[in-house]
Amino acid sequence: MRKEYTDWPEMDRKWQAEWEKAGLFHKQIDPQKQKLYILDMFPYPSANGLHVGHPEGYTASDILSRYYTMKGWHVLHPMGWDAFGLPTENYALKMKIHPQTATDENVENFRRQIKRFGFSYDWTREVNTTDPDYYKWTQWIFLKLFENDLAYEAKIPINWCPDCKTGLANEEVSDGTCERCGAVIERRNMRQWMLRITKYAERLLSGLDDLDWPEKIKAMQRNWIGKSLGALINFPIVGSDKKVQVFTTRPDTLFGATYMVLAPEHPLLDELVSAQDMDKIRQYRDIVKAKSDLERTSLSKDKTGLATGLFAVNPATKEQIPIYVSDYVLLHYGTGAVMAVAAHDQRDYEFATLFHLPIYTVIEPFQGTWTEDRAFEDEGRMIHSAQFNGLKSSEAIIKIIEWLEENHLGERSIQYKLRDWVFSRQRFWGEPIPIVHCEHCGIVPVPYDQLPLTLPDVPFYETSGTGESPLATIHDWVNTLCPKCGGPAKRETNTMPQWAGSCWYYIRYIDPHNQERLASEEAIRYWLPVDLYIGGAEHAVLHLMYARFWHKFLYDIGVVNHEEPFLRLRNQGMVLAADGKKMSKSLGNVINPDEVLDQYGADVVRMYEMFMGPFDQESLWSTQGIEGVHRFLGKVEALFEQPGSSNQPNAEALKKMHQAIKKVTLDVESMNFNTAISAMMIWVNYLQKMTSIPVTCLETLLRILSPFAPHLTEELWHRLGHRSYLYYETWPTFEEALTKEELIEIPVQINGKLRDKIFVAPGLEEEAIKKAVLESEKAQQCLENATIKKWIIIPDRTINIVI
RNA sequence: GCGAGGGUGGCGGAACUGGCAGACGCGCUGGACUUAGGAUCCAGUGGGAAACCAUGCGGGUUCAAGUCCCGCCUCUCGCACCA
C-alpha cells in the first residue's frame, strides 16, 4: 500500500518557476558547441484556445530538445505566434473589439496554456507576426521581392470568397469552396498583388530531392508544381498568317490530331472569328463564367463546346482540321489551346464522340488489339505516321520533337501547373503592403526607412463588402504623399495573406530583437538552417511551399546561406476524439487541455500524448487510457519512498538497466516515443519488485525519463539531494555487452510447429544445441520413430527440425 | 482515375535484415488490503474441450511468412478535364 500521489499540478508550477528563474532554457550563440535547431510550427492563436492536438507535436519536439541537450548539443527551441489573419478578424468583428485586442487576448491564453506543459522553449525569443517590429521585416522582404520583379500587380480573375469577403490563393480553395469557411468560390476580376513563385518552380521541385521529409509531403509538392515535359507546336490558321500554339506531352500523337480546341477565353478568338460565330462564343463564355469552379469540376463528365468556323493545318499531315472551343481546355495552363487526338486522349475522345469528329489511330498496342470504345493512352507502336511508323511511341516523342525543331514547326517545352501566388487580401488584419499609388509616378514602394508601415490606429471598423479592403475607407491612412514626387497619392489598401508572416519566422527567432536586420549574419551562420521541423501535414503545400520560395529568394539576395530552410520534417498524426471523429465544438467531444492538466499535471498529459500510438499516425484520445501513464508515474514516485541502496546493482539489475537505456535511446532518436515509454514501464515493473533499489538505477531512471516527464523527475532528483537540473545532466550510455541475456529461450519447432522451448547460452554451437534439444523430454516424445531429415538452426533465434 | 499510407485480441498498439504473433497499456475476471474502494498490490486474460485455428480475402515462394511475390477487397488522406 502506498500513499496518494503528490499534487502534480502544484509541482509543475514549482519547477516551472524555478527553471524560469534560473534561465535554464535561454540560449545564446556558443561557437564551442554544436548547434541543433528544433522547431515547432508556431500556432495560430484562435479564440478557442489550445486543443489537445497541439501538444502532441510540441511534446515530441520537447523530448528531442531535452534529449539532445543532455547529449551535449546546443539546442535552439523557440515558440511564437502566427497571429494575423481572418479568424481573429472575424472574431473581433463579432465581439465588436479591435483585432489587436482579440489577438493579445488569444496570445495571452495560448501562452499560458502552452507554458503549463513545461516545454523547454527559450521564451526570450518569442515572436508575434502582428508586432510592428516583426512585420517591418515581412514588409522589407516584400520590397525586396518587388525590387527583384518577383512582386507585381495584375488584374486577373481570382477566387473570391463571398463570406470572407476576400480573394484567396489557389492553394486555399478546395473543390471550389473556401478552405476556411466552406462557401462556394466565385470568380472575380480584380486588381491583385502577385508573387512570381513560378520563377522558382524548377528549384522548388529539384530541392525536394535532398530533403529528409515524409515522402507523402514531397509527393504533394511535386504534384502541385506539376512539371510536364513536352512540345510547343504551331498550327497555322487557314486564311490568316496567325498560328495557334499548343502544348502537348504527346507529340507522338501529332499525326492523329484531327481537330483543335481552344479555351473559351482564348484571345485569338476575338481577332479571327467571324462576327456571327463570335456571338455564339460570347454566349458560351457567359455560360462558362457563370459556372463556379465547383460546378465546372463536378459536371466534368459531360463535355460542352462549339465550332468556331475556323480551321487550322496539322503541320504533320497538312490536313485542314476544325477549331473548337470548350471549357475543358483551361486558359491558364500551357497555351490555352490543345491539339485534339481523339484516339489517344480520353477527354478528346469524349469530345470527338459528342461532336462526331474523326478519330485516327496512330499508335497500336504492342500486342493484341484495342477495343475502340475509349482512347488508347498507353505506349505502343507508331502507325499512320509517315516516316515515324514502326517506332515505339516513347521513341517517337523524341524523334518528332527533333523533326519539329528542324522544320521550325515547334520546340521542346516544359510546363508547370504551379501558378503565381495571389498575394493580396481585401481585409484589415494583415501586414499592409508597403506600396503607394501616385498619379504621376505610378506604383512607388514605401522607402525602407519608413518601415514598418503600420496599420491605422482606429478603434473599430467594418468590412466594406465591396471587395475593397476596410483600409480603403480610412481616409487619413489612405491619403498620403508620394515618396518620389511629393504629390498626393494613395496607399495600397490590400494586405498580405496570412502565410506571409510564417514564411520567415524561423529566421527571426535566431535574432528576434535585431533592429538593423532580419537577423545578424553571425546568428544566421550559426543557427540556420532548421535541423528538425515538426508540425501537421495540413501545411504540406501552402506554408511549406511559400516558406521554401521566400527562403530561396533570401538566399539569392545573400541574406541566408543555405538553399533550403527545413532539412528534416516530421508530421504528427491528428488526435481524434474517442469516437474516432475529429474533435469539434459542435460534436461536443472536445478535450480541454486545461482540465486534463488540472486533473493529472503536465507530465501525465505529455506522456499520454506520446504513448497513444506512433507519433506520425492519428490516435484516439481515451480518458481511460490516460490512467495507464498516470499509474506508471505513480509507480515511479513510489520507487523513491524508500531511500535507494548504495550497493551496486547485481548483474540482473544491471542488465535490465542497460536494456532500458538502449531501447529508450534508440527509440527517442527514431521518434518511436510510444515504445520508449513501454521500455521504461517494463523496467519500472522490474524495479518495483526489488526490495531495495540501487541509487544508480534510480538516478538513471530519472535521467532517461526526464525528457518525457520533466517535472516529476526534477522533483525526485532533488529529493535525492541533487542541486543540479536534469536538463543539463548527461544522458546515460549503455554497454551492448551488458544488455545481453546469459540464457536465452529458444523455440524448438518440428516441421514448423512449435513443440518445445529450451534454454541455452547465447552463441552456443550447433552440435551443443542439437544435443540440448535431443535431451529434452518433449522433443524426444515428438521425435519417436521419426527420421530427422534436416536441422535448421538459426543462432539464438530458433530451431526447426524437419522429419 | 492517379498518387501516398493503412487493415494484427474487446480497445490503443508491439514484433530487428523472414525466425516463439499479441510487448507495453486500457478494459475485463479472480484474489489481497480495507468501514469502504472508483486508490493500491498480486494472479489471470486471442479463439477453441482438444487436436489445433488465428495478423482484411485468395493463391504462391520457403524448413519457417504479419513481414517476400502475384491477384483481389476495404479504409484514410492528397490530387483530379493540367493537354
Side-chain angles (χ1 to χ4, degrees), chain A residues 1-5 174-175 214-224 226-228 230 246-250 253 261 263 296-297 299-301 303 326-330 332-341 344-348 350-351 415-419 537-538 540-541 573-574 578 580 608 611-614 616-632 634-635 638 663 666 672 674-682 684-685 688-689 745-757 789-803:
Chain A
M1 257 230 311
R2 61 181 185 73
K3 62 186 181 191
E4 282 291 314
Y5 307 145
S174 71
D175 289 337
E215 248 344 282
K216 181 187 167 177
I217 304 291
K218 288 200 204 181
M220 283 167 73
Q221 292 217 349
R222 288 193 185 107
N223 201 327
W224 190 261
K227 180 180 182 174
S228 296
V246 301
F247 173 72
T248 179
T249 55
R250 295 293 304 274
T253 62
V261 187
R296 262 205 194 190
T297 47
L299 298 175
S300 66
K301 297 287 169 267
K303 301 257 180 301
S326 173
D327 65 353
Y328 82 88
V329 175
L330 310 170
H332 52 70
Y333 182 76
T335 62
V338 301
M339 63 176 208
V341 185
H344 305 292
D345 182 289
Q346 186 58 23
R347 296 156 301 180
D348 298 342
E350 286 165 19
F351 191 82
Q415 298 288 326
Y416 300 92
K417 282 199 277 184
L418 184 70
R419 284 189 266 161
E538 65 273 17
V541 246
M574 265 207 296
Y608 182 59
F611 190 62
M612 280 190 289
D616 57 355
Q617 277 172 37
E618 62 185 30
S619 38
L620 309 184
W621 184 278
S622 153
T623 44
Q624 283 177 330
I626 195 172
E627 283 293 345
V629 285
H630 184 219
R631 280 176 208 153
F632 166 67
K635 283 187 201 174
K663 182 76 177 145
L666 298 180
N672 296 123
N674 54 335
T675 49
I677 292 171
S678 153
M680 289 189 278
M681 287 173 165
I682 292 169
V684 167
N685 287 344
Q688 196 184 19
K689 292 188 173 71
E745 194 184 26
I746 300 186
V748 179
Q749 297 173 50
I750 292 169
N751 283 348
K753 304 238 184 233
L754 181 66
R755 285 292 179 261
D756 194 11
K757 291 177 180 182
K789 288 186 191 156
K790 198 174 172 188
W791 285 87
I792 292 144
I793 297 172
I794 311 297
D796 301 354
R797 283 280 175 202
T798 190
I799 297 158
N800 194 359
I801 303 166
V802 187
I803 55 173

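First the proteins, then the strands, lettered A, B, ... as listed; each starts at 1.
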Proximity to the side chain of [X] - top-ranked nucleotide from [options]:
X        : options             : value
A/Lys216 : B/C63, B/G19, B/A4  : B/A4
A/Arg797 : B/C63, B/C26, B/C16 : B/C16
A/Ile682 : B/A23, B/G25, B/C20 : B/A23
A/Lys757 : B/A64, B/A80, B/C20 : B/C20
A/Lys635 : B/A83, B/G25, B/G78 : B/G25
A/Met681 : B/A80, B/C24, B/G78 : B/C24
A/Val338 : B/C41, B/A83, B/C77 : B/A83
A/Thr675 : B/C81, B/G25, B/A15 : B/A15

Could you measure between the two [atom1] atoms, the one in [N] and the one in [M], and give it in whole Å?
N     : M     : atom1 : result
B/G38 : B/G31 : P     : 13 Å
B/C33 : B/G27 : P     : 23 Å
B/G22 : B/G30 : P     : 26 Å
B/G48 : B/A43 : P     : 24 Å
B/U61 : B/C2  : P     : 30 Å
B/A21 : B/G13 : C1'   : 13 Å
B/C52 : B/A65 : P     : 16 Å
B/G46 : B/G66 : C1'   : 15 Å

With both distances under 3.5 Å as the test, what is the Watson-Crick or G-U wobble partner of [N]?
N     : answer
B/G3  : B/C77
B/C20 : none
B/C68 : B/G60
B/G30 : B/C42
B/G25 : B/C11
B/C52 : B/G47

Practice prompt. Name all residues meeting the ring pair (Phe, Tyr, Trp, His ring centres under 6.0 Å) criterion together with A/Phe351; count only those two or more places apart in sequence or in a different chain, and write none if there are none.
Written response: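 Ring pair (Phe, Tyr, Trp, His ring centres under 6.0 Å) check on A/Phe351 returns A/Tyr259, A/Tyr324, A/Tyr328, A/Phe355.
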Worksheet item: Can you check whether A/Asp348's main-chain N or O pairs, donor with acceptor, with A/Asp345's side chain at less than 3.5 Å?
Response: yes
Worksheet item: Would a distance-only check, ignoring hydrogens and angles, find a side-chain to backbone donor-acceptor pair under 3.5 Å from A/Tyr608 to A/Thr623?
Response: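 Checking the backbone N and O of A/Thr623 against the side chain of A/Tyr608, no donor-acceptor pair under 3.5 Å is found.
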Mind checking [X] for me? I need base, sugar-phosphate or nothing, with any heavy atom below 4.0 Å counting as a touch.
X        : answer
A/Gln624 : sugar-phosphate
A/Pro614 : sugar-phosphate
A/Glu618 : sugar-phosphate
A/Ser622 : nothing
A/Ile794 : base
A/Thr335 : nothing
A/Asn685 : sugar-phosphate

How many Å lie between [atom1] on [X] and [atom2] on [N], as a whole number?
X        : N     : atom1 : atom2 : value
A/Asn672 : B/C24 : CG    : P     : 18 Å
A/Ile626 : B/C24 : CD1   : C1'   : 17 Å
A/Tyr608 : B/G25 : OH    : P     : 14 Å
A/Glu350 : B/C81 : CD    : P     : 13 Å
A/Trp224 : B/A4  : CH2   : P     : 19 Å
A/Met220 : B/G78 : CE    : P     : 7 Å
A/Ile677 : B/A23 : CD1   : P     : 18 Å
A/Gln346 : B/A80 : CD    : C1'   : 15 Å

Side chain to side chain, [X] and [Y], heavy atoms closer than 4.5 Å:
X        : Y        : answer
A/Lys790 : A/Asn800 : no
A/Ile746 : A/Val748 : no
A/Thr253 : A/Met339 : yes
A/Thr335 : A/Gln415 : no
A/Ile792 : A/Ile799 : no

Worksheet entry | Residue whose closest nucleotide on RNA chain B lies nearer the 5' end, A/Tyr416 versus A/Glu627 | A/Glu627
Discussion item. Need to verify one output field. Residue with the more 5' nearest nucleotide on RNA chain B, A/Asn751 or A/Tyr328?
Written reply: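 Its nearest nucleotide being more 5', the pick is A/Asn751.
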Worksheet item: Where do A/Tyr333 and A/Phe247 come nearest, in terms of heavy atoms and distance?
Response: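 Smallest interatomic distance, heavy atoms only, reads OH-CE2, 3.9 Å.
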Worksheet entry | Closest non-hydrogen atom pair between A/Thr249 and A/Ser228, with its separation | CG2-CB, 3.8 Å
Practice prompt. Taking syn as within 90° of 0 and anti otherwise, name the glycosidic form of B/G30.
Written response: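 For B/G30, whose glycosidic angle is more than 90° from 0, the conformation is anti.
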Worksheet item: Within the modelled atom types, does a donor on one side and an acceptor on the other bring the side chain of A/Lys790 and the base of B/C63 under 3.5 Å apart?
Response: no
OP1, OP2 of [N] versus side-chain N and O of [X]: anything below 4.0 Å?
X        : N     : answer
A/Arg631 : B/C24 : no
A/Asn223 : B/A4  : no
A/Asn674 : B/A14 : yes
A/Arg755 : B/A64 : no
A/Ser678 : B/G13 : no
A/Gln688 : B/C41 : yes

